[in-house]
Amino acid sequence: MVENAVTDPRPLAAVLVSAIAVVLIIASYRFPNVREGWSVVAALTKFGIVLSMLPGVLDGTVYEWSLAESTGLEFVAGIDFVLRADPLGMLFALLASFLWIFTSFYAAGYMRGLDEHAQTRFFAAFAASLSTALGIAFAGNLVTIFVFYELLSLVTYPLVAHNEDSEARIAGRKYLTYTFFGGGVFLLAGTVLVYWLTAGVGEGTLTFEAGGMSALAEAAQAEPVFAQAAFFLLIAGFGVKAAVMPLHSWLADAMVAPTPVSGLLHAVAVVKSGAFGVARVILEVYGVETIRELPLNVPMVGEVGLNVPVAILAAFTLTAASIIAMRKDHLKRRLAYSTTAQLSYIVLGLSMLHPIAVFGALFHIPAHAFGKLTLFFCAGAVHVETHTDYVSEMAGIGKRMPLVMSAFAVGAAGMAGIPLIAGFVSKFYMMIGAGSLGGSYWLFALALVVSGILNIAYLWPVVYTAFFETEDRHDAKPILEFPLGGQRESYAAEQTGDDSLATDGGAPQPAGGGEDEDDEREDEHEYAVDRYPSDHETHDKHADDHHDHGDHDDHHHHGGPPPGGWERRSPLFGESTWLMLMPILVIATGAVTLGVVPDYAIFLELAAYIVETATGEVVP
């Protein structure tokens, strides 16, 4: 199929919808229902606009809006400001706009459940973030994507620093340092270098082309060293938001943000913008053939493909991040390192350059989004209802929140690549791609297998603890941050003084010991609810008193089972509010749908079309 570009304002409209919603949200600050209603209306409108372009895009039409053609204004000397809906951009835009609908409902339930402060600012920044995310998706050249890439960092800063305490401000500054200054500088340097290279063989250009920019391919033959440098600069720029090691540490610290932020922005919009940018560079800036024709001369090794260092770094990241995740007791931090690992699946699949591996990597963008968003939503619901954030305090919580923890099990299975869940399909294709390449690429296939095992190792204990352990007799798993072999006593033993409830691992702690560890665990992540108490039924109105009196022994009233154990509740009745349960169940169902009937999922068709236009090969 041949792509035909037509002038159309819909890419611009999709970007502007949520930008207009920002104004309406701020203007409605006195009326919470109206304010949050604007978020829902904007989400539905944005998705409708994006969806209206899908049939045409699948038929080979590219919808384009140009600043120069529409207004006669020149954005940058020689470079136009262009928004275009092409297959790759549609994949990201369709995903982000669809998931924002349900996140709007979830965010309302979450913020109300915790009686959070500054809710108008939160929803306004949230809408602005979706506007810039769609700008990244529909950017038609490197300058346009750079503008929205930097704007995304700026408008998400208020969300990362929402709690307004020292920890949130430090996390926000770190987030800006990495993504705005670090990633932005790399991306700008690579963009300038690409323009200089293409200007050397004709008119300078930065416009994306399916299969790679022809002018850049020609320039790379004359200036291979500069072409290689530009490639790595662009990959590093997008790799910051994709959390590729060693550029990843901002992500875990940003988990201090409210869970809706962690969910949509750190499982979809922000981190996916990085992975999406890597896909743009590999498939539509350089192209598979140009990358293969630019080998690196490595001392004592010889020539290696330009893609190999990226693949090695991605394989290392997905393995190392999974190992780190196993030692995180704080659930959101564990999920943060899981995100770091899962994003590198995408980068690894793209960097292998095999059509089937690229196909799997592209499909992993929605597969990971549905699975990880489910996990974050479940973690947020548990926090709102029980103020429990540590895995080691979740023994038996499955009877208190059966639907939520069942959905968590579905999301966890998807992240581990268990069949019938979306994550299995994408990882299966990446494995086939690695195996088809043969040679030393079998090491990347091995990394995929090892990481899948590690995914089970750090996610299964959450499900096991919730459903197969009880409050009065459980063992803190040795894979958590406790002494080798497990914690000596269950939390019930600590609370009751009954040594018969001691677990089977760990060495006895000296009298008076462990206080520093309690301090560290309690202070590791404190939420806004702990500083802005609500009238939620499970919140202890004296939760803050122990800070003033230095009493660290009763910190479990912040989370964990209440005296007498968890109250058993039936699904759909008293487990949580419908504003939170409905999105959790819908997104979890989506993860299953993508795994059970992927052929009927539009994302699979889009991924196949992208591979065909970028490589010229049809995915079987």
Side-chain angles (χ1 to χ4, degrees), residues 91 95 99 267 315 318-319 321-322 325-326 334-335 338-339 341-346 348-350 352 354-378 398 402-437 442 444-464 466-468 584-608 611 619-620:
L91 178 71
L95 176 68
L99 293 180
L318 64 89
T319 304
S322 298
M326 290 195 299
R334 185 180 299 198
L335 296 179
S338 172
T339 296
Q342 295 292 329
L343 290 171
S344 286
Y345 278 98
I346 301 170
L348 177 59
L350 291 167
M352 284 193 284
H354 191 281
I356 296 179
V358 172
F359 175 69
L362 293 173
F363 189 66
H364 197 61
I365 292 176
H368 169 258
F370 276 87
K372 187 54 62 68
L373 194 58
T374 299
L375 296 178
F376 273 119
F377 278 5
C378 291
L403 271 180
V404 169
M405 295 313 299
S406 295
F408 188 96
V410 170
M415 293 301 94
I418 303 299
L420 302 183
I421 312 295
F424 168 77
V425 178
S426 55
K427 294 177 183 180
F428 177 75
Y429 280 109
M430 282 187 272
M431 286 284 295
I432 293 177
S436 300
L437 287 168
W442 70 268
F444 299 134
L446 179 62
L448 292 171
V449 173
V450 170
S451 180
I453 296 171
L454 293 175
N455 288 340
I456 297 174
Y458 66 73
L459 288 173
W460 169 248
V462 183
V463 180
Y464 180 86
F467 287 110
F468 302 106
I584 290 172
L585 297 178
V586 170
I587 302 303
T589 301
V592 174
T593 302
L594 289 177
V596 175
V597 286
D599 288 343
Y600 294 94
I602 195 64
F603 295 109
L604 198 73
E605 185 177 354
L606 269 172
V611 172
V619 178

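When a residue number appears, it is its place in the shown sequence, counting from 1. Worth knowing before you read on, the calculation uses all heavy atoms, side chains too, and leaves out hydrogens, waters and symmetry mates.
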How close do [X] and [Y] get, counting heavy atoms only, and between which atoms?
X      : Y      : result
Tyr458 : Arg334 : O-NH1, 2.6 Å
Ala445 : Ala434 : CB-CB, 3.8 Å
Ala607 : Phe363 : CB-N, 4.3 Å
Leu99  : Ala369 : CD1-CB, 3.9 Å
Ala357 : Met352 : CB-CE, 3.8 Å
Ser338 : Ala325 : N-CB, 4.3 Å

*Could you go step by step and tell me if Phe408 and Ile584 meet the side chain to side chain contact (heavy atoms under 4.5 Å, CB included) rule?*
CA-CA 9 Å; Phe408 188 96; Ile584 290 172; over 6 Å; no
Spacing of [atom1] belonging to [X] relative to [atom2] belonging to [Y], to within rounding of 0.5 Å:
X      : Y      : atom1 : atom2 : value
Leu350 : Ser344 : CG    : OG    : 11.0 Å
Met431 : Ser436 : CE    : OG    : 11.0 Å
Ile453 : Thr319 : CD1   : OG1   : 11.0 Å
Glu605 : Leu91  : CD    : CG    : 12.0 Å
Leu95  : Ile365 : CG    : CD1   : 8.0 Å
Met405 : Phe467 : CE    : CZ    : 6.0 Å

_What verdict does the side chain to side chain contact (heavy atoms under 4.5 Å, CB included) test give for Val462 and Leu375, after you've listed the backbone C-alpha separation in whole Å, the side-chain angles of each residue and the deciding distance to 0.1 Å?_
CA-CA 11 Å; Val462 183; Leu375 296 178; over 6 Å; no
Report, one line per pair, each donor and acceptor closer than 3.5 Å where one atom sits in a side chain of residues 589-599; sequence neighbours left out.
{"from": "Thr589", "atom 1": "OG1", "to": "Leu585", "atom 2": "O", "distance (Å)": "2.7"}
{"from": "Thr593", "atom 1": "OG1", "to": "Thr589", "atom 2": "O", "distance (Å)": "2.8"}

*Parallel, tilted or perpendicular for Tyr429 and Phe359, by the 30°/60° rule?*
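Answer is perpendicular, since the angle exceeds 60°.
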*Specify whether His368 and His364 have parallel, tilted or perpendicular ring planes, treating 30° as the upper limit for parallel and 60° as the lower limit for perpendicular.*
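The arrangement is tilted - the two ring planes meet at 30° to 60°.
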*Dump the intermediate steps for side chain to side chain contact (heavy atoms under 4.5 Å, CB included) on Tyr345 and Ser426, then the final yes or no.*
CA-CA 9 Å; Tyr345 278 98; Ser426 55; over 6 Å; no
*Is there a side-chain contact between Thr339 and Lys372, using heavy atoms and a 4.5 Å cut-off?*
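Thr339 vs Lys372: side chains touch.
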*Can you find a heavy atom in the side chain of Val410 that is under 4.5 Å from one in the side chain of Thr374?*
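A side-chain contact is absent here, since even the closest heavy-atom pair is not under 4.5 Å.
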*asked:* Using side chain to side chain contact (heavy atoms under 4.5 Å, CB included), reason through Lys427 and Asn455 one step at a time and then give a plain yes or no.
replied: CA-CA 13 Å; Lys427 294 177 183 180; Asn455 288 340; 3.3 Å; yes
*asked:* Other residues, nucleotides and ligands only: do more than 12 of their heavy atoms fall within 6.0 Å of CZ on Phe428?
replied: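 Check fails, neighbour count at 12 or below.
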*Give a yes or no on whether the backbone of Ala447 and the side-chain of Ser451 come within a donor-acceptor separation of less than 3.5 Å.*
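Absent.
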For residues 412-425, which side-chain donor-acceptor pairs fall under 3.5 Å, sequence neighbours excluded?
none

